[in-house]
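One structure is given here, and the rest of the page talks about it.
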Amino acid sequence: DAGVIQSPRHEVTEMGQEVTLRCKPISGHNSLFWYRQTMMRGLELLIYFNNNVPIDDSGMPEDRFSAKMPNASFSTLKIQPSEPRDSAVYFCASNRRGTGAYNEQFFGPGTRLTVL
Amino acid sequence: AQSVTQLGSHVSVSEGALVLLRCNYSSSVPPYLFWYVQYPNQGLQLLLKYTTGATLVKGINGFEAEFKKSETSFHLTKPSAHMSDAAEYFCAVSDRGNQFYFGTGTSLTVIP
């Protein structure tokens with residue numbers, strides 16, 4: 001079984017550049033979550049989708065951040081323009097929400113973003 | 001509202017000693033409870049979960065946790081620590097909807 005797939009695994013960019021992080025959830029899962037992890041703030045939920053529709057984006061820090069889920073098998077998190085304080089590990093997770101599903105989340109390996 | 005408190009951001013134990021990582025939760029509904037482990041440079045992996053039924057839950061790698069409603073706790077234990085247990089551990093609570101609330105994590109160091 002392929003787990004949650006994220007790309008790239010590492011991204012180094014310069015301040016002001018656009019960054020796009022990608023996620024492929026587990027097949028059959030209907031919810032997708034984007035998290036950010038830093039030493040200072042720990043694990044933060046940025047946004048989550050249910051059936052490709054954004055449900056809660058209250059964790060998105062600023063308008064520079066945007067996320068899309070055009071179909072059930074793909075999501076992107078975009079930062080434009082990027083800033084050094086965006087440096088973090090970004091995780092994507094997915095689960096199956098529905099009757100009988102205990103909503104355990106499955107995490108991808110993360111994308112380590114460094115903004116210089 | 002749901003929340004999780006993990007007491008102790010850093011825990012050190014000797015190899016072979018008991019591991020005890022504490023988690024207390026707050027939930028307005030009967031919760032689902034989870035422990036995840038994160039090894040360096042990796043994503044989070046599920047160790048174990050409590051949903052319904054037996055309150056003592058066994059997970060992978062010899063870990064177990066007990067749901068104590070009266071104490072609103074879900075502490076993680078392992079009888080004998082192994083060097084490979086060194087990692088970050090996260091407790092999480094779900095309100096049975098789709099929101100997870102993670103604790104701030106506990107870093108476990110195992111001393112040889």
Side-chain angles (χ1 to χ4, degrees), chain A residues 2-7 9-10 21 23-26 29-51 53-59 88-114, chain B residues 1-10 21 23 25 27 29-55 57-60 63 65 67 74 87-107:
Chain A
V4 175
I5 299 172
Q6 291 187 248
S7 64
R9 292 294 310 277
H10 301 273
L21 311 181
C23 176
K24 176 179 170 56
I26 293 172
H29 284 187
N30 57 5
S31 292
L32 184 141
F33 307 78
W34 282 101
Y35 290 89
R36 178 172 68 176
Q37 186 179 38
T38 62
M39 291 291 291
M40 293 295 294
R41 294 175 173 266
L43 197 61
E44 304 172 274
L45 177 65
L46 300 178
I47 184 171
Y48 85 88
F49 296 83
N50 193 43
N51 293 324
V53 175
I55 302 300
D56 183 356
D57 66 354
S58 60
V89 181
Y90 292 81
F91 289 103
C92 177
S94 70
N95 71 2
R96 181 172 65 88
R97 183 182 183 187
T99 303
Y102 294 122
N103 72 358
E104 162 194 343
Q105 293 188 10
F106 294 80
F107 281 75
T111 295
R112 182 174 296 276
L113 174 65
T114 303
Chain B
Q2 280 68 39
S3 67
V4 171
T5 301
Q6 291 185 240
L7 291 176
S9 57
H10 298 275
L21 304 183
C23 172
Y25 70 90
S27 179
V29 299
Y32 290 158
L33 295 160
F34 306 82
W35 275 100
Y36 281 83
V37 61
Q38 183 181 28
Y39 298 104
N41 300 314
Q42 294 187 27
L44 279 68
Q45 302 173 35
L46 184 71
L47 264 182
L48 49 79
K49 63 185 177 186
Y50 168 80
T51 53
T52 58
T55 57
V57 180
K58 294 186 185 300
I60 61 172
F63 284 93
F67 169 57
F74 191 56
E88 188 90 13
Y89 292 81
F90 293 90
C91 181
V93 62
S94 166
D95 59 2
R96 303 191 174 204
N98 223 15
Q99 275 276 41
F100 265 46
Y101 302 86
F102 282 91
T104 51
T106 297
S107 177

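Since the structure is predicted, the reported quantities are computational estimates derived from the model, not experimental observations. All values below were derived from every heavy atom in this structure, side-chain atoms included, with hydrogens, water molecules and symmetry-related copies excluded.
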What part of Arg9(A) gets within 4.5 angstrom of chain B, counting heavy atoms only: side chain, backbone, both, or neither?
side chain
Smallest heavy-atom separation, Phe90(B) atom then Gln37(A) atom, equals CZ-NE2, 3.4 Å
Can you give me the closest heavy-atom contact between Tyr36(B) and Gln105(A), atom names plus distance?
OH-O, 2.6 Å
Show your working on ring pair (Phe, Tyr, Trp, His ring centres under 6.0 Å) between Tyr35(A) and Phe102(B) and close with a plain yes or no.
CA-CA 11 Å; Tyr35(A) 290 89; Phe102(B) 282 91; 5.6 Å; yes
Measure across Phe107(A) and Leu44(B) and return the closest heavy-atom pair with its distance rounded to 0.1 Å.
CB-O, 3.4 Å
Taking side chain as everything from C-beta outward and backbone as N, CA, C, O, which of these in Gln38(B) sits under 4.5 Å from a heavy atom of chain A? Side chain, backbone, both or neither.
side chain
Check against side-chain contact (heavy atoms from CB on, under 4.5 Å), Asn41(B) and Arg112(A)
CA-CA 9 Å; Asn41(B) 300 314; Arg112(A) 182 174 296 276; 3.2 Å; yes
Which bit of Gln6(A) comes within less than 4.5 Å of chain B, counting heavy atoms only: side chain, backbone, both or neither?
neither
